[in-house]
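The figures that follow rest on heavy atoms only: side chains count, while hydrogens, waters and symmetry mates do not. Fair warning: this is a prediction, and the values are worked out from it, not measured in the lab.
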Amino acid sequence: MLTIHADSTGHALAVEGARVVAAGDVRELADAYPRARVRRWPGILTPGFVNLHGTELLEETYHPDPREAEELGTGPLTGDALAALALDDVRWGGSARRGVQRMLAHGTVAVACEALRRPAVVDAVRRTGLDLVSRTGRPGGVPSLDPLACGLPPRVPSPREPGSAARFAVFDVSDASELAERGASTCVATVIGGRLLYRRR
């Protein structure tokens, strides 16, 4: 089914399957595709972000299960706190799935990683559809689920255009300046491969 995703500025993308078939003003796209479903989002459509710290956040961080909150808290665990857990593959896989979901909630559409070593993490990432971008060495900065809070210039995929992969994020802000000021937690929707993988409730 063809879906038109439109933001508050009137910019829109027409998506069919995993591809963008058209980009432009929402009224023009609605006229061109009268049978399409139209989703209207608050804020601005963007290409989303590449999180530069994929290895650190997925293979060197434990994202606690909500059921572990009383014992472990809710924030990511690293260093000595991580080492004390002695995680098996099942827990690493669950952590990676939760980590990816939290990345999606910050408009992340791809992660930059060295070669991932843990099969459970690789499987969890692939199942979500999050894109993996290869990297060499450590990028510096501070690993963060918010790509705008890591202390490095944000990396953004190419703008979406006809024929490109339907991969983008929507943030409930008026413009890029407000996004930079308020951060990526303003994300309301993340789409990868044409699938709505995150929607703020």
Side-chain angles (χ1 to χ4, degrees), residues 1-54 57-58 99-113 125-135 139 144-150 152-201:
M1 178 180 181
L2 197 146
T3 301
I4 296 172
H5 295 266
D7 67 14
S8 297
T9 71
H11 178 61
L13 298 173
V15 174
E16 187 166 31
R19 295 285 168 184
V20 173
V21 296
D25 182 83
V26 61
R27 291 168 296 185
E28 295 176 358
L29 294 187
D31 287 342
Y33 303 99
R35 303 180 72 175
R37 176 184 183 183
V38 179
R39 283 187 179 270
R40 296 184 182 274
W41 301 104
I44 59 172
L45 273 166
T46 77
F49 293 108
V50 178
N51 192 305
L52 301 176
H53 295 96
L57 290 169
L58 295 174
V100 167
Q101 285 301 315
R102 291 164 188 171
M103 289 181 177
L104 293 170
H106 288 83
T108 293
V109 297
V111 290
C113 301
V125 174
R126 285 180 176 166
R127 285 176 181 272
T128 65
L130 195 67
D131 283 352
L132 290 173
V133 178
S134 63
R135 77 173 202 206
S144 174
L145 293 169
D146 184 341
L148 296 173
C150 71
L152 298 173
R155 182 172 171 184
V156 179
S158 301
R160 303 299 86 199
E161 58 186 21
S164 66
R167 182 177 63 231
F168 53 90
V170 189
F171 297 90
D172 189 9
V173 295
S174 59
D175 54 31
S177 295
E178 186 182 354
L179 175 56
E181 178 182 345
R182 294 179 56 195
S185 62
T186 55
C187 182
V188 293
T190 303
V191 173
I192 298 177
R195 296 184 297 150
L196 182 61
L197 296 184
Y198 169 76
R199 180 177 184 175
R200 190 170 72 189
R201 299 185 183 279

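- Distance NE2/H11 to CG/L29: 9.0 Å, rounded to 0.5 Å.
- With a 4.5 Å cut-off on side-chain heavy atoms, P154 and P147 do not count as touching.
- Proximity of a side-chain donor or acceptor of D7 to a complementary backbone N or O of L45 within less than 3.5 Å is detected.
- Rounding to the nearest 0.5 Å gives a distance of 7.5 Å between OG1 of T186 and CZ of R200.
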**Stepwise side-chain contact (heavy atoms from CB on, under 4.5 Å) test for T9 and I44** = CA-CA 7 Å; T9 71; I44 59 172; 4.1 Å; yes
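- When every heavy atom of L130 is checked against every heavy atom of M103, the shortest pair comes out as CD2-SD, 4.2 Å.
- Remark: side-chain polar atoms of R195 are paired, donor with acceptor, to backbone N or O of T128 under 3.5 angstrom.
- The two residues Y198 and L104 come nearest to each other via the heavy atoms CD2-O, 3.7 Å.
- Contact annotation: the side chain of S144 never approaches that of H53 to less than 4.5 Å [non-hydrogen atoms, C-beta and beyond].
- Closest approach of A184 to F171, counting heavy atoms only: O-CE2, 3.6 Å.
- Taken from CD1 in I4 to CD in E16, the straight-line distance is 11.0 Å, to the nearest 0.5 Å.
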**Request:** Using the side-chain contact (heavy atoms from CB on, under 4.5 Å) rule, take V109 and D131 through it: C-alpha gap first, then chi angles, then the decisive distance, then the call.
**Result:** CA-CA 6 Å; V109 297; D131 283 352; over 6 Å; no
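- Among all heavy-atom pairs drawn from P162 and A22, the shortest one is CG-CA, 4.0 Å.
- A donor-acceptor contact shorter than 3.5 Å is absent between the side chain of R167 and the backbone of G48.
- A donor-acceptor contact shorter than 3.5 Å is absent between the side chain of R155 and the backbone of L52.
- For the pair L132 and V111, the minimum side-chain heavy-atom distance is below 4.5 Å.
- Residues R19 and A165 approach most closely at NH1-N, 3.2 Å, considering heavy atoms.
- At least one side-chain heavy atom of L179 sits less than 4.5 Å from a side-chain heavy atom of L148.
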**Asked** Are V26 and R40 close enough, and set up right, to give a side-chain contact (heavy atoms from CB on, under 4.5 Å), and what steps lead you there?
**Response** CA-CA 9 Å; V26 61; R40 296 184 182 274; 3.9 Å; yes
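- With N51 contributing its side chain and G107 its backbone, the two residues share no donor-acceptor pair below 3.5 Å.
- When side chains are defined from C-beta on, L58 counts as touching V100, because their heavy atoms get closer than 4.5 Å.
- In plain terms, the two heavy atoms of W41 and V170 that are nearest each other are CB-CG1, 3.6 Å.
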**Message:** Pair T190, T108 - check side-chain contact (heavy atoms from CB on, under 4.5 Å), show working.
**Reply:** CA-CA 8 Å; T190 303; T108 293; over 6 Å; no
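- Ring geometry, H5 versus F168: the interplanar angle exceeds 60°, so the pair is classed perpendicular (tilted spans 30 to 60°).
- Side chain of R160 to backbone of S158: a donor-acceptor contact under 3.5 angstrom is found.
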